[in-house]
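Before any comments, here is the structure.
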Amino acid sequence: HNRAIPPRRRSPMERPLERPLERPWERIVVLTGAGISRESGLETFRDGDGLWSRYAIEDVCTPHAFHRDPLLVDRFYNDRRAELWRVRPNDAHLALARLEHAARAGEWDGEILIVTQNIDDLHERAGSRNVVHMHGELLRVRCTACGATPDWQENCLPQTPCPICHRPALRPDVVWFGEIPLHMERIQAALDRCDRFVSIGTSGTVYPAAGFVAQVRDHADTLDINLEAPAVPTAFERSMVGAATRMVPRWVD
Ligand code: BV8
């Protein structure tokens with residue numbers, strides 16, 4: 001049969017969600033960085049007014065820093081944890097949650113996994129459930145004595161006792177420089193099978209996250225959404241330059 005060549009596979013993002021897609025399953029991995037939370041009021045790291053303009057990485061974001069001055073590090077994370085009560089998800093977080101909901105509701109044949117470098121809970125508060133925090137989470141601490149990882153909403157100090165073993169051995173449950181990122185097997189499996197890789201609000205300076213696009217570009221469409229145009233050509237095929245709250249809903253809807 002000289003069947004007509006099927007139309008170019010079009011992504012649900014190029015087609016209104018209201019029409020169910022006849023195309024095969026689409027797997028999307030979205031990598032987010034601090035830029036997606038910027039318009040919610042959380043600071044980024046490397047922008048002019050970012051965290052690294054006031055703190056040195058080696059003072060607050062390495063295991064040695066915590067060993068040398070645990071109080072300084074605890075206060076760095078306590079301040080950022082306290083910020084979470086003053087902010088809420090923005091239209092970019094909400095658009096990604098809408099996309100996941102549409103997949104769960106069968107409005108398009110696809111699945112979306114958010115791999116975030118962020119330690120805030122704004123994706124979850126926006127309604128996303130398929131979220132992996134590769135650098136840990138602010139709202140959890142880890143006991144270096146018994147290994148417990150209790151949820152944690154308030155301040156944590158060097159003398160704060162672990163709620164499980166009661167020893168003063170708690171640390172932020174985040175991945176510092178030189179430490180191994182979390183959930184790497186699940187992330188790698190999702191990257192290996194994705195059709196589309198979208199990076200939102202990250203400077204692409206920290207590995208292994210910064211290396212994901214090179215791993216997928218032979219088998220997935222790649223898109224970078226950032227407030228600024230890339231300074232040098234990147235490995236992304238396409239980019240959308242603008243604020244996440246404007247660009248992400250446009251991409252999703
Ligand atoms: C690892 C967690 C091995 C907690 C963070 C020497 C010794 C040891 C390691 C290394 C070494 N040299 C290199 C390394 C590797 C190192 C690394 O990459 N270093 C860099 C500096 C070169 N990486 C590591 O150590 C990692 N571990 O390699 O272990 C391994 C590897 C693979 C498998 C197994 C083992 C661990 C790194 C994790 C560090 N922890 N944070 C915390 O949050 O405090 S890093 C932190 O910065 C973030 O988590 C994030 O990952 C990183 C980058 O931040 P971004 O999110 O990109 O934010 P940034 O401010 O940089 O950029 C914001 C962007 O948003 C900008 O582009 C801006 O234009 C844009 N933007 C702003 N506003 C908006 C916007 N976009 C859209 N809309 C807006 N409104």
Side-chain angles (χ1 to χ4, degrees), residues 30-66 72-81 83-84 87 89-93 95-96 114-123 132-142 171-188 191 198-215 223-232 234 236 239-251:
V30 176
L31 171 69
T32 62
I36 198 170
S37 299
R38 183 73 192 84
E39 291 161 274
S40 292
L42 293 182
E43 290 175 294
T44 63
F45 293 92
R46 290 169 183 80
D47 289 329
D49 58 350
L51 288 164
W52 297 155
S53 68
R54 298 202 314 282
Y55 292 92
I57 286 178
E58 55 275 11
D59 291 343
V60 292
C61 205
T62 68
H64 181 63
F66 187 65
L72 172 67
V73 176
D74 275 342
R75 281 180 171 154
F76 174 65
Y77 287 98
N78 289 342
D79 290 351
R80 292 170 66 193
R81 190 177 300 111
E83 271 303 296
L84 291 186
V87 300
N90 63 47
D91 288 345
H93 300 104
L96 293 178
I114 297 176
V115 178
T116 187
Q117 301 170 90
N118 300 339
I119 59 175
D120 63 57
D121 62 339
L122 293 176
H123 283 303
V132 172
H133 288 266
M134 65 182 290
H135 291 160
E137 296 177 68
L138 257 182
L139 292 176
R140 226 182 28 231
V141 292
R142 181 172 358 131
R171 59 161 278 181
D173 193 19
V174 298
V175 176
W176 287 322
F177 286 99
E179 295 188 321
I180 297 178
L182 306 174
H183 313 296
M184 285 306 290
E185 279 186 22
R186 179 178 174 194
I187 294 169
Q188 201 58 56
L191 292 173
V198 183
S199 171
I200 303 171
T202 180
S203 59
T205 47
V206 173
Y207 290 83
F212 290 166
V213 60
Q215 292 178 38
L223 168 66
D224 180 46
I225 297 176
N226 199 300
L227 185 62
E228 290 159 10
V232 294
T234 67
F236 287 92
S239 69
M240 291 170 78
V241 178
T245 53
R246 279 192 311 111
M247 293 294 129
V248 179
R250 188 181 302 178
W251 171 69

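By convention here, the first residue in the shown sequence is residue 1. In what follows, every heavy atom counts, from backbone to side chain, and hydrogens, waters and symmetry copies are set aside. Just follow the structure's listing: the first ligand is 1, and inside any ligand the first atom is 1.
If you take OG on Ser203 and CG on Asn226, they are separated by 8.0 Å, rounding to the nearest 0.5 Å. The distance from the CG atom of Leu72 to the OH atom of Tyr77 is 10.5 Å, given to the nearest 0.5 Å. Of the inter-residue distances, the one linking Asp91 atom CG with Arg246 atom CZ reads 11.5 Å to the nearest 0.5 angstrom.
A heavy-atom distance below 4.5 Å is not found between the side chains of Tyr55 and Cys61. Inter-residue side-chain proximity for Pro172 and Asp74 is flagged as met; some heavy-atom pair is nearer than 4.5 Å. By the 4.5 Å heavy-atom criterion applied to side chains, Leu96 and Thr32 are counted as neighbours. Between His133 and Thr116 there is a side-chain heavy-atom pair separated by less than 4.5 Å. Contact of the Phe76 side chain with the Leu51 side chain is registered, since non-hydrogen atoms from C-beta on lie closer than 4.5 Å. In this structure, Arg142 and Arg171 have side chains that are in contact, with non-hydrogen atoms separated by less than 4.5 Å. The shortest side-chain heavy-atom distance between Val60 and Trp176 does not fall under the 4.5 Å cut-off. By the 4.5 Å heavy-atom criterion applied to side chains, Asn118 and Leu42 are not counted as neighbours.
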query: Between Phe236 and Ile225, does a side-chain contact (heavy atoms from CB on, under 4.5 Å) hold up when you go through it step by step?
result: CA-CA 10 Å; Phe236 287 92; Ile225 297 176; over 6 Å; no
- prompt: How far apart are the C-alpha atoms of His123 and Ile36, what are their side-chain angles, what is the distance that settles it, and do they pass the side-chain contact (heavy atoms from CB on, under 4.5 Å) test?
  reply: CA-CA 10 Å; His123 283 303; Ile36 198 170; 3.9 Å; yes
task: Please report the C-alpha distance between Val206 and Arg46 in whole Å, then the side-chain angles of each, then the deciding distance to 0.1 Å, and finally whether the side-chain contact (heavy atoms from CB on, under 4.5 Å) criterion is met.
output: CA-CA 11 Å; Val206 173; Arg46 290 169 183 80; 3.5 Å; yes
Derivation and outcome, side-chain contact (heavy atoms from CB on, under 4.5 Å), residues Phe45 and Gln117: CA-CA 12 Å; Phe45 293 92; Gln117 301 170 90; over 6 Å; no
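For ligand 1, the polar-atom distance check against Phe177 finds no nitrogen or oxygen pair separated by under 3.5 Å. Not a single N or O atom of Trp52, backbone or side chain, sits closer than 3.5 Å to an N or O atom of ligand 1.
Atoms of ligand 1 lying under 4.0 Å from at least one heavy atom of Gly33, given by number and element, are 56 (O). Within ligand 1, the atoms closer than 4.0 Å to a non-hydrogen atom of Gly201 are 63 (C), 64 (C), 65 (O), 76 (N), numbered from 1 in the order shown. Close contacts between ligand 1 and Arg38 involve ligand atoms 73 (N) [criterion: under 4.0 Å to a heavy atom]. Atoms of ligand 1 lying under 4.0 Å from at least one heavy atom of Ala244, given by number and element, are 77 (C), 78 (N), 79 (C). Close approach of ligand 1 to Pro208 (heavy-atom distance below 4.0 Å) involves ligand atoms 32 (C). Close contacts between ligand 1 and Arg80 involve ligand atoms 42 (C), 43 (O), 44 (O) [criterion: under 4.0 Å to a heavy atom]. Close approach to Gly178 involves these atoms of ligand 1, each under 4.0 Å from a residue heavy atom: 8 (C), 24 (C), 25 (O). Atoms of ligand 1 found under 4.0 Å from any heavy atom of Glu39 (numbered from 1 in listed order, with element): 78 (N), 79 (C), 80 (N).
For atom 77 (C) of ligand 1, a protein non-hydrogen atom is found at a distance below 4.0 Å. In this structure, atom 38 (C) of ligand 1 is in close contact with the protein, since a protein heavy atom lies within 4.0 Å of it. Taking a distance limit of 4.0 Å, we find that atom 73 (N) of ligand 1 is approached by some protein heavy atom. For atom 24 (C) of ligand 1, a protein non-hydrogen atom is found at a distance below 4.0 Å. Within a 4.0 Å radius of atom 7 (C) of ligand 1, the protein contributes no non-hydrogen atoms. Shown here, atom 20 (C) of ligand 1 is in close reach of the protein: a heavy atom of it lies under 4.0 Å off.
Taking all heavy atoms of Asp47, Thr205, Ile225, Asp224 into account, the minimum distance to atom 22 (C) of ligand 1 is reached by Thr205. Checking Thr245, Asn226, Leu227 against atom 68 (C) of ligand 1, the nearest heavy atom belongs to Asn226. Relative to atom 30 (C) of ligand 1, the option among Gly136, Ser199, Pro181 with the closest non-hydrogen atom is Pro181.
With respect to atom 17 (C) of ligand 1, the closest heavy atom belonging to the protein is Tyr207 N, 3.9 Å. From the protein, the heavy atom lying nearest to atom 50 (C) of ligand 1 is Gln117 OE1, 3.5 Å. Nearest non-hydrogen protein atom to atom 59 (P) of ligand 1 is Ser203 OG, 3.6 Å. The nearest protein atom to atom 71 (N) of ligand 1, hydrogens excluded, is given as Gly35 CA, 3.6 Å; this is a heavy-atom distance. Of the protein's non-hydrogen atoms, the one nearest atom 49 (O) of ligand 1 is His135 ND1, 2.8 Å. With respect to atom 48 (C) of ligand 1, the closest heavy atom belonging to the protein is Phe45 CE1, 3.7 Å. The single protein non-hydrogen atom nearest to atom 34 (C) of ligand 1 is Ile180 CG2, 3.8 Å, given as residue, atom name and distance. Given atom 27 (N) of ligand 1, the protein heavy atom at minimum distance is Glu179 O, 2.7 Å.
Contact annotation: for Val206 versus ligand 1, heavy atoms closer than 4.0 Å belong to both the backbone and the side chain. At a 4.0 Å heavy-atom cut-off, ligand 1 touches Tyr77 through the side chain alone. Contacts between Arg46 and ligand 1, counted as non-hydrogen atom pairs separated by less than 4.0 Å, involve both the backbone and the side chain.
A side-chain N or O of Arg81 and one of Asn78 form a donor-acceptor pair less than 3.5 Å apart.
Listed by chain and residue number, nothing satisfies the salt bridge (charged side-chain N to carboxylate O under 4.0 Å, His left out) test with Glu58 (two or more places apart in sequence, or in another chain). Residues satisfying the salt bridge (charged side-chain N to carboxylate O under 4.0 Å, His left out) test with Glu137, not counting sequence neighbours, are Arg140.
Heavy atoms of Ala243 approach ligand 1 to within less than 4.0 angstrom.
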